[in-house]
Amino acid sequence: MSESKDFLRVKVEEDLKSGKYQTIVTRFPPEPNGFPHIGHAKSICINFGIARDYEGHCNLRMDDTNPTTEDTKYVEALKDAVTWLGFKWDGEVRYASDYFPKIYDYAVQLVKMGKAYVDSLNEEEIREYRGSVTEAGRRSVYASRSIEENLELLERMRQGEFKDGEHVLRAKIDMSAANMKMRDPLLYRIRHAHHFRTGDTWCIYPMYDFAHCLSDYIEGITHSICTLEFENNRDIYDWVLDALELTPPRPYQHEFARLGINYTVMSKRKLLELVKDNYVNGWDDPRLPTIAGYKRRGYTPESIINFCDQIGIAKANSMVDVAQLEFCIRDDLNQKVPRVMCVLDPLKVTIENYEGEEEIEASYYPHDVPKEGSRTLPFTKELYIERDDFMEHPMEGYNRFTPTQAVRLKHAYILTCKEIIKDEKGAVIELKATYHPDSKSGADTSGIKTKSAIHWVSAKHAKEVEVRLYERLYRVDAPDGLEDLNPDSLHVNTHALIEPAVISEKIDVRFQFERQGYFYADPIDYTDAKPVFNKIVGLKDSWAKKAEAPKHTPKIEAKKAHIEGDVAPMNEDELARFERYTKSGLNAEIANTLARDEKLSAFYDATLLHVNSPVSSANIVANEVARELKKELPLRFTAQDVAELVKMLDEGVISSKIAKEVFEVMVQTGEKPLSIVESKGLKQISDPAVIEPLIDDIMAKNPENVAKYKAGNTNLFGFFVGQVLKLSGGKANPSIVNELISKKLNHG
Ligand code: ATP
Ligand code: MG
């Protein structure tokens with residue numbers, strides 16, 4: 001983590017270093033109007049992750065300012081999601097509604113300061129008066145009401161004397177502000193509605209823009225992290241806190257890109273529709289991108305957290321391939337779960353030359369997995385194999401069981417087909433076969449060559465189970481609405497046959513069914529009488545193949561990069577760049593940022609002409625250079641200069657933190673990076689003899705944390721690294737610091 005920090009952590013470190021804050025306080029502020037989804041998981045990982053990394057804390061706050069859509073069942077779901085992901089909020093769950101009295105007091109204060117007024121235009125007039133992007137707005141005549149009149153009206157609004165929409169409270173800012181959100185934004189509106197927590201105490205409710213910044217302030221939040229669509233709201237956020245002359249420390253808002261995943265809808269409104277109208281079976285339907293859905297399906301918290309780590313944090317919206325999430329769960333389970341045999345579509349095989357019964361000892365784990373445990377597989381005359389593991393008229397390259405091709409039964413013997421039995425319609429219903437007694441797995445002296453090993457179960461011993469197979473909920477990569485639903489997203493197979501140990505031994509709840517995929521014992525419907533398994537994910541990434549297939553039509557491609565709601569599809573050039581960048585190893589978010597901006601991508605390509613280091617270059621170009629280009633002023637540095645900076649970074653001459661400082665100087669003075677580093681003595685310190693005393697210093701100053709770490713709180717590792725880096729003025733080489741601290745804490 002310490003190697004290349006995301007821009008939020010860079011900011012947090014800066015703020016700690018400058019002494020702006022002593023302790024970092026973040027919050028995850030959902031509106032309890034639906035179950036949280038994987039996008040929320042990203043926000044949870046960011047907010048709780050930053051608090052953890054810098055020894056601060058993170059609040060869980062329900063942003064419950066909208067009485068009509070909220071409910072306690074969503075509060076519970078949100079708590080569940082955070083806990084399941086392994087995070088712990090500070091103190092009790094908090095609620096914006098608990099602050100309603102304080103927020104109201106602040107509103108009164110603004111009125112008294114002449115900075116807010118009661119407006120009596122109706123909704124339509126308010127919209128009309130606001131003007132447009134190209135046209136300034138006009139102020140309402142009511143804006144000239146006296147302070148006394150405003151105070152009285154506001155109080156009467158609160159007392160419930162007016163109907164919904166009769167009046168609103170507005171901030172008096174600037175009706176011709178370039179940022180339209182600043183054109184006298186609404187602070188309070190009348191809403192005669194029952195609130196799930198405050199009941200009928202209030203009939204006026206604060207608007208998001210007013211309640212959010214004040215809730216943050218009340219809780220002592222330092223970094224108010226939100227998604228990009230709130231960028232323009234930041235001015236209101238700052239205005240409110242400034243106008244009220246609130247004493248520091250105060251929070252600042254920082255925006256990051258929201259997560260979008262192809263084949264997935266992520267808006268709570270659309271998810272609610274699916275649930276309410278029974279297109280899926282509840283909020284925890286395993287096809288939904290809700291945390292409850294992933295949990296029910298069998299995803300592990302680790303896989304979701306890894307996914308959130310991998311996609312990174314960037315400042316431009318982009319689309320992540322759902323295959324990446326699937327990769328994360330597969331990757332997590334691969335080394336963890338037992339492998340067993342389950343036949344989904346059984347075809348009977350009778351072994352003519354086998355009598356009796358034997359028990360075969362078979363490991364649950366393959367050799368390369370450092371786990372132990374085994375079960376016995378009963379082997380008998382009558383077995384079931386997977387129907388599509390046999391072909392009477394095989395196509396070329398088919399390497400499983402055929403009339404002329406022997407096959408190995410996994411963990412057991414080799415079979416040769418003798419006879420095919422069909423029903424009156426010609427469908428194969430049974431095979432007669434012979435086995436080779438000297439071909440037993442691990443002791444095979446038969447000399448018979450086979451091309452594959454197939455799974456099987458003993459007919460007499462197998463247990464019937466229900467297997468729920470899920471396909472993508474949407475059939476198109478950028479789904480919009482109900483018309484894009486995949487009508488075949490759920491297959492329930494009630495006649496799968498599983499080896500008996502899975503049911504009797506219950507060694508785990510997640511399994512790899514050999515050659516089929518990963519499965520999870522459904523936490524709700526599973527009973528011993530009727531075991532039910534959910535398919536978590538297949539074994540192979542069928543997606544990768546698709547992506548390499550010959551070019552899609554441009555139309556489909558353009559859609560591929562389309563992000564729900566707020567981002568335009570990519571044109572062909574952008575897509576071509578996007579693909580080139582992701583192929584060269586950039587993550588999707590960065591690739592997207594670069595690809596969509598012609599100037600930026602040209603700059604990036606030019607940088608690569610001077611240094612062959614796509615990832616480091618992209619990081620600097622997509623963040624630092626992008627910021628400068630946006631200013632639309634002449635640049636004082638060239639792509640070659642940036643390449644020089646990247647080289648120093650890659651060679652470890654400077655840390656990524658210093659690189660940012662150097663870049664700032666380049667921006668300001670146009671000086672060459674090498675000369676900045678030399679003249680300012682910014683070279684990274686890698687000498688253990690210099691770093692060790694810093695570590696000793698920090699350990700000596702924090703004996704409690706040393707003790708806690710040694711007692712098992714390994715989360716504190718990041719704290720020590722952070723402190724040492726800080727003490728070195730950001731000059732210590734992070735990987736050497738890591739190594740040395742690890743030595744001292746773990747062995748010292
Ligand atoms: P939706 O638009 O899906 O209904 P929302 O933004 O209205 O979501 P909130 O409950 O307001 O949902 O969100 C709580 C927090 O989670 C906010 O800080 C929000 O920015 C963040 N968040 C929501 N969706 C995403 C996403 N797709 N990616 C990253 N963060 C998200
Ligand atoms: Mg919202």
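Numbering of ligands and ligand atoms starts at 1, following listing order. Note: hydrogens, waters and symmetry copies are ignored here, and every other heavy atom, side chains too, is used. By convention here, the first residue in the shown sequence is residue 1.
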Under 4.0 Å from any heavy atom of [X], which atoms of ligand 1 are there?
{"X": "Thr227", "result": "19 (C), 20 (O), 29 (C), 30 (N), 31 (C)"}
{"X": "Gly39", "result": "25 (C), 26 (C), 27 (N), 28 (N), 29 (C), 30 (N), 31 (C)"}
{"X": "Met266", "result": "3 (O)"}
{"X": "Ser267", "result": "3 (O)"}

Min over Arg258, Glu31, His40 of heavy-atom distance to atom 12 (O) of ligand 1 lands on His40
Is any side-chain heavy atom of Leu169 less than 4.5 Å from a side-chain heavy atom of Pro206?
-> no
Throw together a table of side-chain donor-acceptor distances under 3.5 angstrom for residues 216-228, partners on residues two or more places apart or in other chains.
unit_1: Asp216; atom_1: OD1; unit_2: Arg27; atom_2: NE; d: 3.1
unit_1: Asp216; atom_1: OD1; unit_2: Arg61; atom_2: NH1; d: 3.3
unit_1: Asp216; atom_1: OD1; unit_2: Arg61; atom_2: NH2; d: 2.6
unit_1: Asp216; atom_1: OD2; unit_2: Ser224; atom_2: OG; d: 2.7
unit_1: Asp216; atom_1: OD2; unit_2: Tyr237; atom_2: OH; d: 2.6
unit_1: Tyr217; atom_1: OH; unit_2: Thr247; atom_2: N; d: 3.3
unit_1: Tyr217; atom_1: OH; unit_2: Thr247; atom_2: O; d: 2.8
unit_1: Tyr217; atom_1: OH; unit_2: Thr247; atom_2: OG1; d: 3.2
unit_1: Glu219; atom_1: OE1; unit_2: Asn59; atom_2: ND2; d: 2.8
unit_1: Glu219; atom_1: OE1; unit_2: Arg61; atom_2: NH1; d: 3.0
unit_1: Glu219; atom_1: OE2; unit_2: Arg61; atom_2: NH1; d: 3.4
unit_1: Glu219; atom_1: OE2; unit_2: Tyr99; atom_2: OH; d: 2.5
unit_1: Thr222; atom_1: OG1; unit_2: Val25; atom_2: N; d: 3.0
unit_1: Thr222; atom_1: OG1; unit_2: Val25; atom_2: O; d: 3.1
unit_1: His223; atom_1: NE2; unit_2: Asp15; atom_2: OD2; d: 2.8
unit_1: Ser224; atom_1: OG; unit_2: Arg27; atom_2: NH2; d: 3.2
unit_1: Ser224; atom_1: OG; unit_2: Tyr237; atom_2: OH; d: 3.2
unit_1: Thr227; atom_1: OG1; unit_2: Glu229; atom_2: OE1; d: 3.2
unit_1: Thr227; atom_1: OG1; unit_2: Glu229; atom_2: OE2; d: 3.0

Can you name the ring-ring contact (aromatic ring centres under 6.0 Å, His included) partners of His40, sequence neighbours left out?
-> His37
Less than 4.0 angstrom from a charged side-chain N to a carboxylate O is my criterion; do [X] and [Y] meet it?
{"X": "Asp98", "Y": "Lys102", "answer": "no"}
{"X": "Asp522", "Y": "Arg296", "answer": "yes"}
{"X": "Asp80", "Y": "Lys73", "answer": "no"}

Give yes if a backbone or side-chain nitrogen or oxygen of Cys226 is under 3.5 Å from a nitrogen or oxygen of ligand 1, and no if not.
-> no
Examine the proximity of ligand 1 to Arg269 and report which part, side chain or backbone, both or neither, has a heavy atom under 4.0 Å away.
-> neither
